[in-house]
Amino acid sequence: MADPASPTIPTAHDHILAEGEARFRQMVDTVPQIVWIADAQGQIEFLNQQFTDYTGASYRSMSPAEIAAAFIHPDDAPHVAAAFTAALATGTPHHCEHRIRSATGEYRWFLDRANPYRDPATGEITRWFGSSVDIHDRKAAEEALRHSASVLEERVLARTRERNLLATMIENTDMMVMAVDLDFNILAINLANADEFERVFGVRPRTGDNMLALLADQPEHQAEVRAAWLCGMRNEPVTLIDDFGDPDRARPYYAINLHPLRDDRGRQIGVYQFVTDVTERLRRDHQLADAQEALRQAQKMEAMGQLTGGVAHDFNNLLTPIVGVLDMLGRRTASSEREQRLIAGALQSAERAKTLVQRLLAFARRQPLQPVAVDLAELVAGMGELIASTTGPQINVVVDAPSGLPRASADANQVEMALLNLVVNARDAMPAGGTLRIGVAEEAVGDGHRARLPHGRYLRLGVSDSGTGMDAATLARAIEPFFSTKGVGKGTGLGLSMVHGLALQLGGTLTIASAPGAGTQIELWLPRSAAADAPVETVVIADPATRTSGRVLLVDDEELVRLSTADMLAELGYDVVEASSGEEALGLIERGVAFDLLLTDHLMPGITGAELAALVRARRPDAGVLLISGYAEGDDLSHVTARLTKPFRKDELAAALAPFAAAAEMLVATPLV
């Protein structure tokens with residue numbers, strides 16, 4: 001029996017075992033992963049050289065808890081311990097990923113695997129063989145991939161949201177959007193375009209439909225659509241404005257923007273359009289253009305009015321001495337028959353010139369008016385014979401002027417002249433005869449009324465004929481002065497201009513409706529009078545041969561007018577004191593020059609006749625005042641009730657002076673109507 005104290009002598013088996021163990025360690029130390037062996041309870045029994053190289057720690061036996069505390073990332077340790085504990089309990093392979101601290105303090109990811117080794121005889125686990133493989137680069141790549149995928153997904157989602165929002169906007173916009181290929185097949189269409197297509201053409205389009213096939217039973221509309229889309233197939237953007245659809249349905253105007261649709265390689269594969277209904281915009285543009293044209297026309301008419309008014313005023317001053325002198329010459333009994341005939345012809349021409357001036361002043365709204373309450377029905381009835389003789393037997397005159405209507409605020413004499421002008425125009429428009437209707441009615445004017453007047457109640461005097469009528473171009477110029485369709489020598493072109501000017505000056509208006517072959521209807525609108533009917537006084541015209549007496553202060557800045565008027569006054573028996581201006585007249589009054597009547601022109605430089613009359617009334621309330629005016633400039637003449645219009649004859653002057661004469665002295669003026 002061997003001595004137990006003696007040393008053990010290695011056997012050949014021991015040498016083989018040691019040699020195998022050395023070879024095993026040499027082999028596992030060259031493996032680039034951490035290799036470890038643990039007992040059945042997980043106590044580490046072996047770690048290869050890679051563990052030391054990586055962690056910087058030499059081998060020692062450690063429990064799983066010690067390994068976790070010393071080398072595993074604190075965030076990973078709990079789940080590593082839990083995973084290995086579960087493997088020990090179940091005897092199943094261990095598998096988990098975690099981070100291990102390196103010698104430099106850096107943590108890297110490792111895949112930790114371990115399989116149990118069982119005793120062949122008993123089947124019990126006696127060892128655990130494991131390895132920890134560095135997967136840090138793979139984990140970084142996976143993380144980068146996950147991040148890239150996340151970013152890509154977010155971008156895709158954002159792009160999808162953007163596309164969805166854009167699609168929602170296009171689908172819900174009122175702008176019409178559609179795309180077709182080069183064979184007119186619909187590639188895309190939004191709701192607005194589909195609705196409008198159906199409303200205009202009566203058929204609803206859908207994606208995939210052939211647009212021309214949809215309109216196969218509507219060849220005219222099919223041609224319209226084909227022509228429009230072909231404009232967009234020319235490989236360049238096109239913008240056009242046109243109307244489409246059945247006239248029995250709404251046929252609006254559209255602004256169409258066509259663009260070529262291209263693929264990724266830039267080849268044109270179709271056309272897409274953006275369409276906007278511009279019917280309302282075009283209507284507003286036309287209204288603006290009409291308003292601008294109306295403004296230009298109004299400005300032109302106003303300028304012409306100022307020009308003609310000024311010319312008429314000067315012409316009146318020229319006519320006054322001519323008419324006065326011719327009138328005096330015509331009264332001389334010593335003149336021969338030939339001289340009397342020449343004077344009468346000259347007077348007739350002067351009267352025609354006077355009428356022309358009155359029409360010019362009426363157009364310019366510068367004629368002196370004396371508005372009173374006028375019964376238009378009575379006025380029309382009183383002109384019955386004159387109208388009948390003017391129109392002739394070929395024209396049937398129908399009058400609708402009921403009695404009992406309110407009075408209009410108007411100048412009766414001027415309204416009579418205006419009505420006569422309208423009747424003459426109507427007669428000339430019916431050379432083969434026809435029907436002339438004259439009507440008087442009361443009508444309220446409010447918003448949207450055709451008369452376009454301030455709100456209120458008006459009297460409407462209408463004259464309509466069944467004649468040739470006027471086209472749009474003629475109608476647009478109907479009230480222009482000197483515009484006439486009657487030919488040279490057959491009219492002055494001032495008739496309607498005069499009536500229009502009179503209506504505006506009285507606070508009303510003139511409306512004209514006409515069409516070729518449908519006749520013409522003209523309406524003179526006059527404001528309703530707020531005053532009671534003015535009493536009509538009978539004026540006794542003085543016999544020109546009857547001599548009167550008294551002193552007249554005559555004021556006029558035009559020397560020829562003043563001289564001819566002074567001659568007439570002298571022939572009528574008046575003593576005349578002349579002044580060439582209002583300032584000179586006031587100087588005479590200040591020096592105590594006596595007079596019974598002030599006879600003054602209205603429009604003069606410096607002090608006007610109306611202003612002079614007011615000053616004289618304040619200083620000499622007993623003196624009469626007679627204002628001579630051939631031109632109304634908008635001054636307030638309500639305080640001057642006695643007026644004489646230029647040009648005038650001797651008997652007209654005598655008639656104007658008659659109310660101032662009573663017995664052998666001059667009296668205060670009585671209003672004339």
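Count residues from 1 along the sequence.
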Evaluation steps, side chain to side chain contact (heavy atoms under 4.5 Å, CB included), between L626 and L657: CA-CA 8 Å; L626 177 61; L657 293 172; 3.8 Å; yes
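- The backbone N or O of M568 sits nowhere less than 3.5 Å from a side-chain atom of E571 that would complete a donor-acceptor pair.
- A distance of 6.0 Å separates CD of E578 from CG of L554, quoted to the nearest 0.5 Å.
- Screening D567, L569, L553, L599 for a side chain to side chain contact (heavy atoms under 4.5 Å, CB included) involving V576 leaves a single residue, L569.
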Walk me through whether Y574 and L597 qualify under side chain to side chain contact (heavy atoms under 4.5 Å, CB included). CA-CA 10 Å; Y574 292 101; L597 173 68; 5.7 Å; no
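- Summarising the geometry of A377 relative to A401, their closest heavy-atom pair is CB-O, 3.6 Å, with the distance given to 0.1 Å.
- Remark: the backbone N or O of M604 is not paired with any side-chain donor or acceptor of T608 at under 3.5 angstrom.
- At a threshold of 4.5 Å between non-hydrogen side-chain atoms, the residues R649 and D651 count as touching.
- Donor-acceptor pairing under 3.5 Å is recorded for the side chains of S514 and T520.
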Worked check of side chain to side chain contact (heavy atoms under 4.5 Å, CB included) between V577 and L588: CA-CA 9 Å; V577 178; L588 294 174; 3.9 Å; yes
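- Taking all atoms of both residues into account, the shortest heavy-atom contact from P406 to R528 is CB-NE, 3.5 Å.
- The two atoms that bring A432 and Q394 nearest to each other are O-NE2, 4.4 Å, heavy atoms only.
- When all heavy atoms of L627 and G609 are compared, the closest pair comes out as CD1-C, 3.7 Å.
- Among N425, T511, I512, the one residue that satisfies the side chain to side chain contact (heavy atoms under 4.5 Å, CB included) test with I522 is I512.
- Counting only residues at least two apart or on different chains, the side chain to side chain donor-acceptor pair (under 3.5 Å) pairs with a member in residues 456-468 are E442-R457, E443-R460.
- When side chains are defined from C-beta on, I395 counts as touching M430, because their heavy atoms get closer than 4.5 Å.
- The distance from the OG atom of S581 to the CG atom of D601 is 11.5 Å, given to the nearest 0.5 Å.
- Residues W525 and L459 fail the side-chain proximity criterion, which asks for heavy atoms closer than 4.5 Å.
- Put simply, the side chain of V398 does not reach to within 4.5 Å of the side chain of I438, judged on heavy atoms.
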Steps toward side chain to side chain contact (heavy atoms under 4.5 Å, CB included) verdict (V380, V399): CA-CA 8 Å; V380 171; V399 177; 3.8 Å; yes
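- For the pair R562 (side chain) and D556 (backbone), a donor-acceptor distance under 3.5 Å is present.
- One finds the CD1 atom of I387 at 10.0 Å from the CG atom of L422 (value rounded to the nearest 0.5 Å).
- Side chains of H602 and I628 form no contact here, defined as non-hydrogen atoms less than 4.5 Å apart.
- With hydrogens and angles ignored, the 3.5 Å screen pairs no side-chain donor or acceptor of E378 with any backbone N or O of D375.
- To the nearest 0.5 Å, the span separating CG on L612 from CG on L598 amounts to 5.0 Å.
- More than 12 non-hydrogen atoms from other residues, nucleotides or ligands lie less than 6.0 angstrom from CZ of R620.
- In this structure, CG in L461 is found 9.5 Å from CD in E523, a value given to the nearest 0.5 Å.
- Inter-residue side-chain proximity for P516 and D471 is flagged as met; some heavy-atom pair is nearer than 4.5 Å.
- Atom CD of E584 sits in a crowded spot, with more than 12 heavy atoms from other residues, nucleotides or ligands closer than 6.0 Å.
- To the nearest 0.5 Å, the span separating CG on N396 from CZ on R437 amounts to 7.5 Å.
- Counting all heavy atoms, side chain and backbone alike, L436 lies closest to A426 at CD1-CB, 3.5 Å.
- With hydrogens and angles ignored, the 3.5 Å screen pairs a side-chain donor or acceptor of E583 with a backbone N or O of I607.
- Of all heavy-atom pairs spanning A410 and L526, the tightest one is CB-CD1, 3.9 Å.
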Test log, rule salt bridge (Lys or Arg N to Asp or Glu O under 4.0 Å), inputs R551 and D575: CA-CA 5 Å; R551 174 171 286 188; D575 183 19; 3.0 Å; yes
